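A quick write-up on the structure given underneath.
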Amino acid sequence: MVKQRAKIENRLRRLEKTLRPLDQKRLIELEKVKGDPVAFAKTFLSFTALPYQEKVLADMGKRIAVRMSRQAGKTTTIAVRAIWYAATHPRTLSLIVAPCLTPDTPVITKTGVVKAESVREHDLVLTHKGRWRAVTERMTRPYNGDIYVFRTSQGEVKVTPEHRLYVDVGRMRLWITARELYDRLKRGENVKTVFPKLNGN
């Protein structure tokens with residue numbers, strides 16, 4: 001716990017060093033676009049939103065329900081909006097909540113199958129495309145909520161509701177959340193988990 005806290009504090013120090021106060025010219029630019037998230041994104045993030053992304057960015061509602069197709073840029077759009085809000089509203093606390101595996105979930109590494117809690121930075125893990133890739137960062141967070149448990153021929157998988165799983169639905173292979181997988185199985189759909197086949201790349 002102490003080591004984890006020291007690591008987080010070190011990250012925050014590096015971030016504070018990077019995010020130095022804006023010079024006068026940039027402050028003037030910020031003042032011009034602070035009420036326009038679309039213009040802010042273009043000016044400060046070099047992000048030109050597509051029409052449907054502009055609609056989400058420009059919506060001033062307290063709560064926004066977004067329904068977009070896969071690979072439509074949902075994550076980027078929401079991240080841009082969060083950055084705009086934090087930059088234009090002093091003393092804002094922004095929280096980014098990520099999906100997780102439980103500590104005991106098995107993970108395939110180059111040295112064998114280990115629990116997720118045992119995976120370290122630089123370990124080689126097997127991706128859904130059957131390729132070995134190095135872990136760039138290990139992150140943990142406290143969690144108190146629902147856990148979805150799926151039993152497969154390869155063992156048990158325990159994940160948070162938002163965690164994405166790679167599955168075979170009919171002739172399509174796609175990423176869906178654990179909650180969606182549970183709902184599909186409950187409806188009796190034929191959904192199969194897909195396990196990577198090593199391709200040597």
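Keep in mind it's a predicted model, so treat the numbers as computed, not measured. Counting begins at 1 with the first residue of the sequence.
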- For Arg151, enumerate each residue passing the salt bridge (Lys or Arg N to Asp or Glu O under 4.0 Å) test, keeping only those at least two apart in sequence or located in another chain.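 If we apply the salt bridge (Lys or Arg N to Asp or Glu O under 4.0 Å) test to Arg151, skipping adjacent residues, the hits are Glu156.
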Inter-residue atom distance [X].[atom1] - [Y].[atom2], 0.5 Å rounding:
{"X": "Leu101", "Y": "Thr140", "atom1": "CG", "atom2": "OG1", "answer": "12.5 Å"}
{"X": "Asp59", "Y": "Glu54", "atom1": "CG", "atom2": "CD", "answer": "13.0 Å"}
{"X": "Trp132", "Y": "Asp123", "atom1": "CH2", "atom2": "CG", "answer": "11.0 Å"}
{"X": "Leu181", "Y": "Lys186", "atom1": "CG", "atom2": "NZ", "answer": "13.5 Å"}
{"X": "Asp146", "Y": "Thr160", "atom1": "CG", "atom2": "OG1", "answer": "10.0 Å"}
{"X": "Lys74", "Y": "Gln53", "atom1": "NZ", "atom2": "CD", "answer": "10.5 Å"}

Does [X] reach the main-chain N or O of [Y] with its side chain, forming a donor-acceptor pair under 3.5 Å?
{"X": "Arg138", "Y": "Glu121", "result": "no"}
{"X": "Thr105", "Y": "Lys158", "result": "yes"}
{"X": "Arg184", "Y": "Arg179", "result": "no"}

- Task: Check whether any side-chain heavy atom of Leu57 sits under 4.5 Å from a side-chain heavy atom of Thr77, and report yes or no.
- Result: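 The answer is yes; the side chains approach within 4.5 Å.
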- Is Val157 close to Val149 at the side-chain level, that is, under 4.5 Å between some pair of heavy atoms?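 When only atoms from C-beta onward are counted, Val157 and Val149 do not touch, as no gap falls below 4.5 Å.
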Could you list the donor-acceptor pairs under 3.5 angstrom formed by side chains in residues 82-89, with sequence neighbours left out?
unit_1: Trp84; atom_1: NE1; unit_2: Lys34; atom_2: O; d: 2.8
unit_1: Thr88; atom_1: OG1; unit_2: Trp84; atom_2: O; d: 2.7
unit_1: His89; atom_1: ND1; unit_2: Tyr85; atom_2: O; d: 2.9

- Task: Show your working on side chain to side chain contact (heavy atoms under 4.5 Å, CB included) between Val114 and Val119 and close with a plain yes or no.
- Result: CA-CA 7 Å; Val114 301; Val119 175; 3.9 Å; yes
- Task: Taking only Lys NZ, Arg NE, NH1 and NH2, and the carboxylate oxygens of Asp or Glu, determine whether Asp104 and Lys115 approach each other closer than 4.0 Å.
- Result: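 A salt bridge is absent here (no side-chain N lies under 4.0 Å from a carboxylate O).
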- Task: List the steps, then state whether side chain to side chain contact (heavy atoms under 4.5 Å, CB included) holds for Val167 with Ile176.
- Result: CA-CA 7 Å; Val167 298; Ile176 62 175; 3.8 Å; yes
- Query: Which word best sums up how the rings of Trp175 and Tyr166 line up, parallel for under 30°, tilted for 30 to 60°, or perpendicular for over 60°?
  - Reply: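 Geometry flag for Tyr166 against Trp175: tilted rings.
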- Message: When you compare the side chains of Thr177 and Glu162, does any donor N or O come within less than 3.5 Å of an acceptor on the partner?
- Response: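 Side-chain D/A pair, Thr177 to Glu162: absent.
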- Intermediate values then yes/no, side chain to side chain donor-acceptor pair (under 3.5 Å), Glu29 and Thr43: CA-CA 8 Å; Glu29 289 177 355; Thr43 304; over 6 Å; no
- Which residues share a ring pair (Phe, Tyr, Trp, His ring centres under 6.0 Å) with Phe47, sequence neighbours left out: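 Once residues adjacent in sequence are excluded, Phe47 has no partner under the ring pair (Phe, Tyr, Trp, His ring centres under 6.0 Å) criterion.
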- Query: Within a radius of less than 6.0 Å around NZ of Lys42, do more than 12 heavy atoms belonging to other residues, nucleotides or ligands occur?
  - Reply: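 Counting neighbours around NZ of Lys42, 12 or fewer heavy atoms of other residues, nucleotides or ligands fall under 6.0 Å, so no.
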